[in-house]
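Data block below; observations after.
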4 protein chains.
Amino acid sequence: MTRDSNRIPSMVKNRKLVEERRAQIIRGAQKLFMRKGFHKTTTREIARECGLSIGTMYEYIQSKEDVLYLVCDHIHSELETRLKEALSVTETGRESLNRAMAQHFKVMGELSDWVLLIYQETKSLPKKARSVILQREKEVTALFEEILQRGIQDNTLRLDPSSVSLMAHNIMVLGEMWTFRRWALAEHYTLEEYTRQQMAWLLRECTN
Amino acid sequence: MTRDSNRIPSMVKNRKLVEERRAQIIRGAQKLFMRKGFHKTTTREIARECGLSIGTMYEYIQSKEDVLYLVCDHIHSELETRLKEALSVTETGRESLNRAMAQHFKVMGELSDWVLLIYQETKSLPKKARSVILQREKEVTALFEEILQRGIQDNTLRLDPSSVSLMAHNIMVLGEMWTFRRWALAEHYTLEEYTRQQMAWLLRECTN
Amino acid sequence: MTRDSNRIPSMVKNRKLVEERRAQIIRGAQKLFMRKGFHKTTTREIARECGLSIGTMYEYIQSKEDVLYLVCDHIHSELETRLKEALSVTETGRESLNRAMAQHFKVMGELSDWVLLIYQETKSLPKKARSVILQREKEVTALFEEILQRGIQDNTLRLDPSSVSLMAHNIMVLGEMWTFRRWALAEHYTLEEYTRQQMAWLLRECTN
Amino acid sequence: MTRDSNRIPSMVKNRKLVEERRAQIIRGAQKLFMRKGFHKTTTREIARECGLSIGTMYEYIQSKEDVLYLVCDHIHSELETRLKEALSVTETGRESLNRAMAQHFKVMGELSDWVLLIYQETKSLPKKARSVILQREKEVTALFEEILQRGIQDNTLRLDPSSVSLMAHNIMVLGEMWTFRRWALAEHYTLEEYTRQQMAWLLRECTN
DNA sequence: GATGAATGAGTATTCATTCAT
DNA sequence: CATGAATGAATACTCATTCAT
């Protein structure tokens, strides 16, 4: 599941075990990173939280930053999985867009702390790992680009081709925005009301 | 200038000196935080960069987090100042909105690294300080809310009152987005093209 | 061969197997110790190098220091074997000395890295093991003492009896010296030139 | 005194203080290295032994290996100083050699543990530092070369020019040998007896 | 006999902060 | 007011050894 899990070397050979233990590590670390942030979480805390000894944990990772990478990768996998659940090629572009956006906003509501973690800690990743994570964000954005293209093709959406990429980014950001502006938005809007208005706006623009 | 500078106690009594030294500290720290991030910058480095001894620096702050607060506060002051330069009550709401948005996008382009810093390090502030910084973000957002209200009143903008706050947030975020998505956006758009499209879209929505 | 191999307990009973596996361990460890030194070599590396699992390796030793002991012991065995090859009781003392010294210098040239290892790592052995290794050094030295004695008896060498032990040590050290001073000696002398001069000197002294 | 002390950067600016504290560090570390060896001595032990907090100690060094370098450098300085005390250009080469050798053997007796430390731990130094230390050994050896040359010139010593360097090394090693073979030599000889015999031998060789 | 996952005490090093001068 | 030496708790990571399978 965690797609790039295998990019990180492990001392332990047994693939199954590695998968399993890393899932433990991700679960524990994610919890702590969300509560205290990456830098204020110690490796020992992570080990304790996921029920491994510090030595055992290090059999499955090479550095603390690996843990952050695993967590970020896992979150992106989760986001991608959830979004893809709502995708279907049998629909019109417009219908697809509607469903995908709805799902995107729903997921942002449900996993808002996870997404916030991505926003706040991606910069703590080493260069290489960071660009992998950013690449994944691009891929998700590309899902919306494809939908928009399809809508243009099947004439259910009207949008200047030069705006396709931008609009895809806008959809992503206006969804993610709930995660990092909830502290202000929630004063005026529920997630549902927020979703309704933003989707209406986005859809209107894509209709013209 | 740094509005809340006086919230932070200093050992030194001479107000003028405090102001001056803190300006030094902010300048040096901001540079380093932008380059290496808050956690990877040491107090010694900050002191060296701003030409003070470590002991002297601590005469003007109480903790490393104070420095982060000063920097964030200063950035917000700068942003606010720049935005307010473009405001004038003699115009129509629509004209104001146009000018304010243009300025906002322009500033986001110019100070994108500063804004990125805010996005990435605000979470490292102690609770109290963070809420002060978030409050400032709210105040800037409120500037757009006021403009939108004025436009509704003078009939140059058409917008459902329940959407005013949301639209103000959208304006803010679509501007700031350039700072944290530049790595992807810049592949397709220049800042000018980006600004043109986003402003057109936002304006269209506020017109109906 | 490794004379004291049996001083070190093994979990495995099969003597043949123990002998065989320990030879593997010695070969791998010696290589690594020479390259990186005892302390910077890990047990895992040793196991990998000699093609055993870490668990299996520990069936044949009790501690990392045991490995060092085995290696040192093996080196001494090798040195002793080589030196004894050149000994023969049918010769005069003088002839024996000549041949033994020549062989000693030759071996020091060939196994200089081995001898250097002894010089550098003996001190890392536990007390007990160290004294065993030092004892072996004494025994080799004693070989030269015997030769010198024989030469005195058969009148082919002239040397004050009180100097016999010292001269034996001198022979040993002037040979080994090539291993730990090669970095300086090799600038001026080849091993052959070095051997020629040192042997000539030693022999002259033992003649009168 | 410790000639290359200034090759190692210190956080502390005050040269006097650096000199003083490093002397403390050297004293404490030397004691521990002699007793337990470099690898088995911890930085905390060194700090405790020399009466500094671990943090303070690290203000004066950059790494544990720096401490080893300081110690080795200091020992060599001491050896050089002592040896030079016995040198005088007003004497004949032969007289000089006599006095220098006597002093060398005397110092080897007095500082045998120090020299042993050099023999055993030099290899633990980082490449760069090691070659500096070896260079110092060369320089001391060169002192004997000069004396031998002088003796040849003033006709008080007879020695083939091609043997000068080798004989200098021999003098060095036959002195140092006491430090790493005392465990065997002391069974038969006192330092005085040892010195007498070795010097006699060396001198004889340099006479014809 | 063979394996390799698990363990956790142990290690070098850093760095925010203080305080005597 | 300025300085910078002193502090030591805190931290990421290692590695010899064990033991259940």
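Letters A, B, ... mirror the listed sequences (proteins, then strands); counts begin at 1.
- A straight line from CD1 of Ile25(C) to P of dA2(E) spans 11 Å, rounded to a whole angstrom.
- Rounded to whole angstrom, the span from the CE atom of Met11(D) across to the C1' atom of dT13(E) amounts to 13 Å.
- Taking 4.0 angstrom as the limit, Tyr60(A) places none of its side-chain polar atoms (N or O) nearer than this to OP1 or OP2 of dA5(E).
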Determine whether Ser124(C) and Leu68(C) satisfy the following criterion, side chain to side chain contact (heavy atoms under 4.5 Å, CB included), listing intermediate values before the conclusion. CA-CA 8 Å; Ser124(C) 298; Leu68(C) 180 57; 3.7 Å; yes
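- Residues Arg21(A) and Gln24(A) bring a donor and an acceptor atom of their side chains to less than 3.5 Å of each other.
- With a 6.0 Å cutoff to the six-membered ring centre and a 45° limit on the axis angle, Lys123(C) does not count as a cation-pi contact of Tyr119(D).
- For the pair Arg22(D) CZ and dA5(F) C1', the interatomic distance rounds to 14 Å; values are reported in whole Å.
- Ring geometry for Phe38(D) against Phe33(D) counts as perpendicular: the plane angle is over 60°, on a 0 to 90° scale with 30° as the lower cut.
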Pairs counted as Watson-Crick or G-U wobble with both distances under 3.5 Å: what dot-bracket string results for DNA chain E, using | for bases tied to another strand? .||||||||||||||||||||
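- For the OP1/OP2 pair of dA12(F) and a distance below 4.0 Å, the side-chain nitrogens and oxygens of Lys64(A) include at least one atom meeting the criterion.
- In this structure, Lys16(A) atom NZ and dG4(E) atom C1' are separated by 19 Å, rounded to whole Å.
- Across all strands, Leu17(A) comes closer than 4.0 Å only to sugar-phosphate atoms, never to a base (heavy-atom distances).
- Ionic pairing of Glu59(D) and Arg44(B) is present here: one or more N-O contacts between side-chain nitrogen and carboxylate oxygen are shorter than 4.0 angstrom.
- Cation-pi geometry between Lys128(D) and Tyr69(D) is not met: the NZ or CZ atom fails to fall both under 6.0 Å from the ring centre and inside 45° of the normal.
- At least one side-chain nitrogen or oxygen of Ser53(D) sits closer than 4.0 Å to the OP1 or OP2 atom of dT7(F).
- Residue-to-nucleotide proximity on DNA chain F shows that, of Glu59(A) and Thr56(B), the 5′-proximal contact is made by Thr56(B).
- Using a 4.0 Å cutoff on non-hydrogen atoms, no part of residues 33-50 of chain C comes near DNA chain E.
- Side chains of Ser77(B) and Arg136(B): a donor-acceptor N/O pair is present below 3.5 angstrom, by distance only.
- Interatomic distance, NZ of Lys31(C) versus CD1 of Ile26(C), reported as 15.0 Å (0.5 Å rounding).
- Both Arg21(A) and Gln62(D) lie near DNA chain E, and the one whose nearest nucleotide falls closer to the 5' end is Arg21(A).
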The test is side chain to side chain contact (heavy atoms under 4.5 Å, CB included); show your working for Tyr60(A) and Ile8(A) and say whether it passes. CA-CA 9 Å; Tyr60(A) 296 93; Ile8(A) 295 178; over 6 Å; no
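- The existence of a salt bridge linking Glu45(D) and Lys36(D) is confirmed by a sub-4.0 Å separation between a basic side-chain nitrogen and an acidic carboxylate oxygen.
- Remark: Tyr58(A) is not in phosphate contact with dG8(E), judged by side-chain N or O atoms under 4.0 Å from OP1 or OP2.
- Going from atom CG of Leu52(D) over to atom C1' of dA12(E) covers 17 Å, rounded to whole Å.
- Distance Met57(A) CE to dA12(F) C1': 9 Å, rounded to the nearest Å.
- Atom CD of Glu65(C) is separated from atom P of dA16(F) by 11 Å (rounded to the nearest Å).
- With rounding to whole Å, Glu20(B) atom CD is found 14 Å from dA2(F) atom C1'.
- Between Gly55(B) and Ile54(D), the residue whose closest nucleotide on DNA chain E is further toward the 5' end is Ile54(D).
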